[in-house]
Amino acid sequence: MAKDFSTREENYSKWYNDIVQRAGLAESSAVRGCMVIKPYGYAIWEKMQAALDTMFKDTGHSNAYFPLFIPKSFFSKEADHVEGFAKECAVVTHYRLKNDPEGKGIVVDDNARLEEELVVRPTSETIIWDTYRHWVQSYRDLPILVNQWANVVRWEMRTRMFLRTSEFLWQEGHTAHATEQEAMEETYQMLDVYADFAENHMAIPVLKGVKSENERFAGAVETFCIEALMQDGKALQAGTSHFLGQNFAKAFDVKFADKQGGLEYVWATSWGVSTRLVGALIMAHSDDHGLVLPPRLAPIQVVIVPIYKNDEQYEKVRSKAKEIKDRLRKQGVRVKLDDRDTHKPGWKFNEYEFKGVPVRLAIGPRDVENGTVELARRDTLSKEIVSMDELNQTIETLLVTIQDALYQRALSFREENTRKADSWDEFKRILDDKGGFILAHWDGTAETEQKIKDETRATIRCIPFEDGSEEKGSCIYSGKPSKRRVVFARAY
RNA sequence: CGGGGUGUAGCGUAGCCCGGUUAGCGCGCCUGCUUUGGGAGCAGGAGGUCGCAAGUUCGAAUCUUGCCACCCCGACCA
């Protein structure tokens with residue numbers, strides 16, 4: 001049967017959507033710009049949540065929950081913040097419906113207008129800082145290290161499954177500190193947590209760095225980010241950690257009595273990652289056979305497919321398969337035995353390839369005789385016959401090997417697609433021919449960055465922490481002196 | 001909000017330019033038998049307001065007008 005994944009060279013967009021659909025991750029909903037996350041897609045998100053949540057707890061954070069609705073007036077308290085989000089807010093203006101007097105169904109009841117409109121949170125800084133005002137009086141109340149798992153709404157003009165939807169799931173950490181230094185350390189620490197998660201769980205290498213002024217979070221003093229490179233050569237911001245200074249403390253009047261008896265404004269950070277990470281996972285590892293999941297995040301790490309010709313064989317093979325399943329489960333491997341009789345083995349092989357299950361274990365009458373099984377790797381699509389006796393060890397090793405191989409593959413891809421550009425022509429040529437990350441000199445001004453964006457759609461993804469040691473040069477666009485190279489790319 | 005495109009069965013599509021039987025095909029679905037180590041085969045079956053509305057015509061999936069929805073490329077953005 002022909003597989004009609006279109007080649008990625010022709011249309012990455014279609015390739016991506018096909019994977020989302022055929023792996024059963026999500027589908028578009030009746031509501032414009034929103035998606036339904038299906039059970040398998042949600043299971044991946046749950047794995048991410050579990051790993052991240054543990055990392056947050058290990059760094060001293062606790063979870064809490066704040067309201068979905070934010071009074072409109074809260075937004076106007078921080079000037080940059082309101083400007084950044086004003087254009088994409090969903091606003092609740094009424095609280096009641098009624099039957100249309102002219103019999104045309106249900107209409108909004110104009111008599112039920114809210115005195116103050118409520119904004120559906122696009123992010124929660126304002127309502128959280130309004131709350132923190134009551135929580136903080138003394139330096140003894142600090143720090144506050146709180147995280148929230150929630151949904152947010154940003155009324156985007158154009159959407160894409162997982163990568164940009166009108167509503168999305170995320171976590172947002174909001175911390176309050178007594179000193180600038182402590183807040184800054186928190187900002188860096190959480191960026192490191194994100195980079196650790198991206199590289200060691202998602203198997204996606206990321207660049208850590210600071211955002212330029214143009215790309216900075218609305219209301220932040222400094223925005224740090226991790227940037228990943230997708231297989232189509234576009235960059236994806238995979239996580240952000242913001243140093244908010246005293247901006248929100250001042251806007252919401254959050255002060256504390258310090259040890260010396262003075263009254264000081266609190267220092268703040270916020271940081272977040274979203275279901276966009278599921279999109280990153282898809283774009284980073286998938287191939288023309290479908291999704292490829294790193295073992296650490298795969299809801300199913302090993303799928304067992306029994307093969308048989310008749311009832312007698314079925315019983316033998318299935319009891320052996322069950323035995324293997326129990327053994328692996330006992331060892332902590334997430335294993336599924338697919339003993340459905342409604343689909344043939346070949347069908348199942350393809351299905352689990354779409355779904356990106358890292359290891360497939362096939363067992364048939366021949367294997368039962370020989371004391372072997374067939375193991376197939378999703379990342380390389382290679383197969384080998386292994387002994388049943390050492391299976392637990394073999395699989396444990398294999399899962400680690402696959403996790404590592406995926407990271408190495410993604411890292412090689414990024415290295416092959418990171419290029420230096422030393423002239424404006426070269427810069428434009430690389431962008432159009434190959435994409436990827438481009439290291440180039442920049443004069444440090446917002447005007448130049450904007451002009452480059454207008455002409456090429458490329459933006460500064462970050463000013464990376466590493467690789468700053470290079471010789472000085474001149475700006476690729478303006479020719480003015482530049483102290484260091486920064487990372488440009490077209491981005492999602 | 002600009003530029004382009006598409007709406008025909010659950011999904012993918014042919015037919016439209018040049019109006020004319022009962023709208024065709026593939027996948028999927030249902031039934032039966034044979035099958036099961038890479039998307040099974042054969043036989044039979046169910047499933048359609050041709051996006052919506054109006055117009056032209058003896059006759060509209062096909063022509064005209066209006067509307068709606070979705071997709072792609074931009075602007076906006078995680």
Side-chain angles (χ1 to χ4, degrees), chain A residues 1-6 10-14 16-18 21-22 27-33 83-89 122-123 152-172 194 211 214-218 223 225-228 235-242 270-280 289-290 305-311 313-314 317-318 339-354 360-370 372-374 376 381 383 385 453-454 456-457 459 461 490-492:
Chain A
M1 205 52 47
K3 298 178 187 175
D4 51 7
F5 272 112
S6 57
E10 278 170 16
N11 191 342
Y12 270 94
S13 198
K14 179 153 177 14
Y16 177 84
N17 285 331
D18 275 350
Q21 196 188 330
R22 299 175 81 159
E27 60 190 35
S28 56
S29 75
V31 183
R32 191 211 76 105
E83 176 151 353
F85 285 100
K87 283 175 282 185
E88 53 185 33
C89 286
T123 181
V152 287
V153 168
R154 297 184 187 174
W155 213 258
E156 301 290 352
M157 293 175 186
R158 215 171 129 218
T159 59
R160 241 165 159 337
M161 299 267 199
F162 290 109
L163 295 173
R164 171 162 294 106
T165 44
S166 295
E167 179 190 7
F168 56 95
L169 306 181
W170 77 346
Q171 62 65 216
E172 45 181 329
Y194 288 153
K211 283 290 188 193
N214 282 7
E215 301 281 319
R216 190 181 293 152
F217 175 73
T223 289
C225 62
I226 52 171
E227 290 285 327
L236 185 84
Q237 179 175 304
T240 48
S241 184
H242 312 292
S270 71
W271 28 273
V273 296
S274 70
T275 38
R276 163 176 261 204
L277 290 181
V278 178
H289 297 261
V305 179
I307 294 157
Y308 49 86
K309 284 193 171 67
N310 51 48
D311 286 351
Q313 287 185 355
Y314 178 68
V317 168
R318 201 171 76 120
D339 57 2
R340 288 177 300 173
D341 196 33
T342 50
H343 295 274
K344 294 179 55 178
W347 174 277
K348 295 176 185 174
F349 292 175
N350 282 283
E351 185 179 352
Y352 293 106
E353 270 166 26
F354 293 153
R360 183 185 70 230
L361 189 160
I363 177 165
R366 223 156 54 206
D367 294 304
V368 176
E369 292 291 312
N370 302 339
T372 58
V373 296
E374 181 195 80
L381 297 168
K383 292 187 274 197
I385 306 292
K453 184 179 181 182
D454 291 345
T456 65
R457 284 171 25 237
T459 50
R461 299 323 303 156
R490 289 190 181 133
Y492 277 103

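Reminder, nothing fancy here: chain letters follow the sequence lines and each chain counts from 1.
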What is the minimum heavy-atom distance between [X] and [Y], and which atoms define it?
| X | Y | answer |
| --- | --- | --- |
| Leu163(A) | Ala280(A) | CD2-N, 4.1 Å |
| Gly279(A) | Tyr16(A) | CA-OH, 3.5 Å |
| Pro306(A) | Val317(A) | CB-CG1, 3.6 Å |
| Ile385(A) | Glu374(A) | CD1-CB, 4.0 Å |

Side-chain donor or acceptor of [X] under 3.5 Å from a matching atom on the base of [N]?
| X | N | answer |
| --- | --- | --- |
| Lys383(A) | G37(B) | no |
| Glu353(A) | G38(B) | yes |
| Arg22(A) | G39(B) | yes |

Residue [X], side-chain atoms from C-beta onward, closest of [options]:
| X | options | result |
| --- | --- | --- |
| Lys309(A) | U36(B), C76(B), G74(B) | U36(B) |
| Asp341(A) | U36(B), G37(B), A75(B) | U36(B) |
| Asn17(A) | C72(B), G74(B), C76(B) | C72(B) |
| Asn350(A) | G74(B), G38(B), C76(B) | G38(B) |

Whole-Å gap separating [atom2] ([N]) and [atom1] ([X]):
| X | N | atom1 | atom2 | value |
| --- | --- | --- | --- | --- |
| Asn214(A) | C76(B) | CG | C1' | 14 Å |
| Phe349(A) | G37(B) | CZ | C1' | 6 Å |
| Ile385(A) | G38(B) | CD1 | P | 12 Å |
| Tyr16(A) | C72(B) | OH | P | 12 Å |
| Asn370(A) | G37(B) | CG | C1' | 13 Å |
| Tyr308(A) | A40(B) | OH | C1' | 14 Å |
| Asp339(A) | U36(B) | CG | C1' | 14 Å |
| Phe217(A) | C76(B) | CZ | C1' | 16 Å |

Distance check, [atom1] atoms only: [N] and [M], in whole angstrom units.
| N | M | atom1 | value |
| --- | --- | --- | --- |
| C17(B) | C63(B) | P | 5 Å |
| U22(B) | G38(B) | C1' | 41 Å |
| A43(B) | G48(B) | C1' | 25 Å |
| U13(B) | A53(B) | P | 24 Å |
| G55(B) | G12(B) | C1' | 33 Å |
| C67(B) | G24(B) | P | 34 Å |
| G20(B) | A60(B) | P | 11 Å |
| G4(B) | G19(B) | P | 27 Å |

Would you indicate what [X] reaches in the nucleic acid, counting non-hydrogen atoms under 4.0 angstrom: base, sugar-phosphate, or nothing?
| X | value |
| --- | --- |
| Phe168(A) | base |
| Gln237(A) | sugar-phosphate |
| Asn310(A) | nothing |
| Thr165(A) | base |
| Arg366(A) | base |
| Leu163(A) | base |
| Arg360(A) | base |
| Glu374(A) | base |
| Ser13(A) | sugar-phosphate |

Using the side chain to side chain donor-acceptor pair (under 3.5 Å) rule, take Tyr308(A) and Asp339(A) through it: C-alpha gap first, then chi angles, then the decisive distance, then the call.
-> CA-CA 11 Å; Tyr308(A) 49 86; Asp339(A) 57 2; over 6 Å; no

Secondary structure of RNA chain B in dot-bracket form (Watson-Crick or G-U wobble, distances below 3.5 Å, | marking inter-strand pairs) | (((((((..((((......[...)))).((((((.....)))))).....(((((..]....))))))))))))....

Gln237(A): what forms a side-chain hydrogen bond (donor to acceptor under 3.5 Å, both in side chains) with it, not counting sequence neighbours?
->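 Testing Gln237(A) for side-chain hydrogen bond (donor to acceptor under 3.5 Å, both in side chains), a comparison that skips the adjacent residues, returns Lys211(A).
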
Partners meeting side-chain hydrogen bond (donor to acceptor under 3.5 Å, both in side chains) with Thr223(A) (sequence neighbours left out) =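 Partners of Thr223(A) under the side-chain hydrogen bond (donor to acceptor under 3.5 Å, both in side chains) test: His242(A).
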
Classify the ring geometry between Trp347(A) and His343(A) as parallel (under 30°), tilted (30 to 60°) or perpendicular (over 60°).
->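 Plane angle under 30°, so parallel.
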
Tell me which of Glu167(A) and Met157(A) sits closer to the 5' end of RNA chain B, going by the nucleotide each one is nearest to.
->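 Nearer the 5' end of the strand: Met157(A).
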
5' priority, RNA chain B, between Gln21(A) and Pro365(A) [closest heavy atom] |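 Closest to the 5' end, via its nearest nucleotide, is Gln21(A).
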
So is Arg360(A) actually on top of Phe349(A)'s ring, under 6.0 Å and inside 45° of the axis?
->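 Ring-cation test returns yes.
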
Cation over ring face, Arg160(A) and Tyr492(A), 6.0 Å, 45° |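 Checked: cation-pi criterion not met.
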
